[in-house]
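What you see below is based on every heavy atom in this structure, not just the backbone, and it leaves out hydrogens, waters and symmetry mates. Note that the structure is predicted; figures quoted are calculated from it, not measured. To find a chain, count down the sequence lines: A is the first, B the second, and so on, and within it residues start at 1.
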Amino acid sequence: MDELMAQRARKIEEFRARGVDPYPPRVTRTHTAAEAVAAVEALPEGAGEADAGSVHVAGRVVARREMGKATFVDLQDASGRLQVLLRQNAVGPDDYSLFGLVDLGDYVGFEGTPMRTRTGQPTVGATSWVMLAKALHAPPEKYHGLADAEIRQRRRYLDLIANEQTREVFRIRSKAVAAIRRFLDSRDFLEVETPVLQEAAGGAAARPFVTHFNALEEDRFLRISLELHLKRLVVGGFDRVYELGRIFRNEGLGFRWNPEFTMLETYEAYSDYNGVADMVETMVSSVAQEVLGRTTVTWRDHEIDLAPPWHRLTMRDALLDHSGIDLFEVRTEAAMRTELTRRGVTAAPTSGYGKLVDEAVSHFVEPHLIQPTFLLDYPVELSPLAKRKPEDPRFVERFEVFIGGFELGNAYTELNDPIEQRARFEEQVRLKAAGDDEAELMDEDFLFALEHGMPPCGGFGMGIDRLVMVLTGQASIREVILFPQLRSQKG
RNA sequence: GGGCCCGUAGCUCAGCUGGAAGAGCAGUGGACUUUUAAUCCAUUGGUCCAGGGUUCGAAUCCCUGCGGGCCUACCA
């Protein structure tokens, strides 16, 4: 049935019949592809082939141009591509003909000398070659690459083989995460790890995934945020902590939503949401500078400048500007629902005041927040874990940060009054009973921690995937997650 | 969950109002010792996503299912 595969399998047998192991255990490699190219470029002007030392390179054969008794091979490794020239008079007729058994996708190694072709192309002139691993399937098409979105996501290895842009996105992601760690480490933040499996998933408004702990015969919930455990650590005296970890929200898929995603949360005692905003704009811009070499990015046709200072405006002003709704006056669920209805926005009947405000902001304000913007001071109903503004207790000291019209992160001056925190949880419990299945749960253990005293503290959370979308200009979160969630394939 | 679109060779795609399944790349055989989307000659390769229906006849039209994309909804 699969004739191409059968042909390749026969070549494996042919290698063995000619005394060659098609899957040898190791290889000598002295140079990556990029280093070999550099070795060529280091050659003095007019140097002959014999003047250069020998190099060993290894990689996947991604292109092959056969010209009788000479063959050009494009070898790809993690550092890039390298052209190798295999000539019969250099490797001998037996090894040259044996190379006929090599297909696109196979791994091979070459020993040879750095040289240039007639056109000046850096090349390794092979003096010998070894088989490293036979591929049973052909790689994707050499010119158009792999375009099918489903194959690209389900079989990311093929996408990585075929598309340099994909490789670059994930290199940038890795470098960005490393840069974030360096940034926080240099500011004396301690990186910690907290439980993924939790007795109650709190710290965010989201539905959790449920699993079962067999040994204890208890259900567990996959975490939906990092917040409540990290604050326990602040209580414990680790006054600058962060965690970079996977969280899980039982929600739908969309261009900026994947049910498991990577969250950064930071908590800094003796700071507040203003201090956090300063840190965030510095961190994101310096990560961009470090990883991209610039602070400007293009995202969905928008030119975005990440250099500080970022815009800061209150939610009240923003909503007033874009919708005419004044949060100082529209203070009840019924009034807000009326305002939304009047403007043609329909909200879920179970939404309380907080969710309606959120709806209004999502609809009228967020699409305008293209350049990095801190939206400040949220209604207390929307923020059960944040500290009230002393001058106006209807609002809390909280910001969400937006770039390109979507939310990138969230921060607040942490509520550290255990009595008020208990009252806020009780309100959430009431909302939950009224049908809001994303309301917070009472967390007695967390309250007990707060009752031991937590210093004033600024906390921050950011979706790493979304940051990488901005840094790489990718319009979909699936393009920045190596293996995004997809429906399982049946049959 | 709702709307629109897509599924044809290993890959990228064409196939019109129903009338003998195609191209390029990859593969196979051959020529070629400086090519680079190599070139030239010849050639293999199909569950047209699956199932059902309409029809003398279906890749094409209809229905259902599966998978995917975009939009939307849920979603701090």
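Residue A/Lys11 places none of its side-chain N or O atoms closer than 4.0 Å to OP1 or OP2 of B/G27. For the OP1/OP2 pair of B/U35 and a distance below 4.0 Å, the side-chain nitrogens and oxygens of A/Arg118 include at least one atom meeting the criterion. Distances shorter than 4.0 Å separate some side-chain N or O of A/Arg65 from OP1 or OP2 on B/A38. Remark: A/Arg154 is in phosphate contact with B/G68, judged by side-chain N or O atoms under 4.0 Å from OP1 or OP2.
Base pairing analysis places B/G19 opposite B/C56; the two distances defining the Watson-Crick or G-U wobble pair are each below 3.5 Å. In this structure, B/G51 forms a base pair with B/C63, meeting either the Watson-Crick or the G-U wobble geometry with both donor-acceptor distances under 3.5 Å. Within the shown strands, nothing qualifies as a pairing partner of B/G46 under the Watson-Crick or G-U definition with both distances less than 3.5 Å. With a 3.5 Å ceiling on both atom-pair distances, B/A9 lacks any Watson-Crick or G-U wobble partner. B/C4 and B/G69 make up a base pair, with Watson-Crick or G-U wobble contacts both under 3.5 Å.
Looking at the side chain of A/Tyr143, the nearest of the listed nucleotides B/A37, B/U34, B/U35 is B/A37. Set against B/U33, B/U34, B/C75, the side chain of A/Met115 has B/U34 as its closest nucleotide.
Ring geometry for A/Phe460 against A/Phe399 counts as tilted: the plane angle lies between 30° and 60°, on a 0 to 90° scale.
Judged purely by distance below 3.5 Å, without hydrogens or angles, the side chains of A/Tyr107 and A/Asp77 never pair a donor atom with an acceptor atom. With 3.5 Å as the limit, one finds a donor-acceptor pair spanning the side chains of A/Thr123 and A/Gln83.
To the nearest whole angstrom, the two C1' atoms, one in B/G15 and one in B/G53, are 24 Å apart. For the C1' atoms, the distance from B/C13 to B/U55 is 30 Å, rounded to whole Å. Rounded to a whole angstrom, the distance from the P atom of B/A38 to that of B/C25 is 10 Å. Straight-line distance between the P atoms of B/C66 and B/A50: roughly 16 Å, to the nearest whole Å. Straight-line distance between the P atoms of B/C16 and B/G7: roughly 12 Å, to the nearest whole Å. Of the C1' atoms belonging to B/C5 and B/C49, the separation is 16 Å, rounded to the nearest Å. Only the C1' atoms considered, B/G51 is 41 Å distant from B/G29, to the nearest whole Å. Comparing B/U72 with B/A9, their C1' atoms sit 36 Å apart, to the nearest whole Å.
Residue side chain A/Gln121 reaches the base of B/U36 through a donor-acceptor N/O pair under 3.5 Å, judged by distance alone. Below the 3.5 angstrom threshold, one finds a donor paired with an acceptor across the side chain of A/Thr117 and the base of B/U35.
Atom C1' of nucleotide B/C74 and atom CG of A/Asn258 are separated by 15 Å, given to the nearest angstrom. Taking atom CD of residue A/Gln83 and atom C1' of nucleotide B/U34, one finds them 8 Å apart after rounding to whole Å. B/U35 atom P lies 17 Å from atom NZ of A/Lys69, rounded to whole Å. Nucleotide B/A26 holds its P atom 12 Å from the CD atom of A/Glu66, rounded to whole Å.
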Original post:
Would A/Lys355 and A/Asp358 count as a salt bridge (Lys or Arg N to Asp or Glu O under 4.0 Å) if you check the C-alpha gap in whole Å, the side-chain angles of each, and the deciding distance to 0.1 Å?
Top reply: CA-CA 5 Å; A/Lys355 287 217 136 192; A/Asp358 191 43; over 6 Å; no
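Aromatic ring centres of A/Phe406 and A/Trp299 lie closer together than 6.0 Å.
Looking at residues 161-170 of chain A, you'll see that no heavy atom sits under 4.0 Å from any atom of RNA chain B.
Where A/Arg8 and A/Phe72 each meet RNA chain B at their nearest nucleotide, the meeting point lying more 5' is that of A/Arg8. In terms of position along RNA chain B, the nucleotide closest to A/Ser476 lies nearer the 5' end than the nucleotide closest to the other residue of the pair A/Gly203 and A/Ser476.
Counting non-hydrogen atoms under 4.0 angstrom, A/Arg466 reaches nothing in the nucleic acid. At a threshold of 4.0 angstrom between heavy atoms, the contacts of A/Pro122 with the nucleic acid are absent.
Because its NZ or CZ atom is both nearer than 6.0 Å to the ring centre of A/Phe395 and within 45° of the ring axis, A/Arg331 counts as a cation-pi partner of that residue. A/Phe261 does not carry A/Arg249 over the face of its six-membered ring by the limits of under 6.0 Å from the centre and within 45° of the normal.
A/Asp443 pairs by the salt bridge (Lys or Arg N to Asp or Glu O under 4.0 Å) definition with A/Arg232, not counting sequence neighbours.
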Subject >> Annotated protein contacts, base or backbone, on nucleotides 4-11 of chain B with a non-hydrogen cut-off under 4.0 Å, one of B, S, - each >> reply: ------BB
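No more than 12 heavy atoms of other residues, nucleotides or ligands shown are found within 6.0 angstrom of CD on A/Gln165.
Across A/Tyr353 and A/Val330, no two heavy atoms sit closer than the pair OH-O, 2.8 Å.
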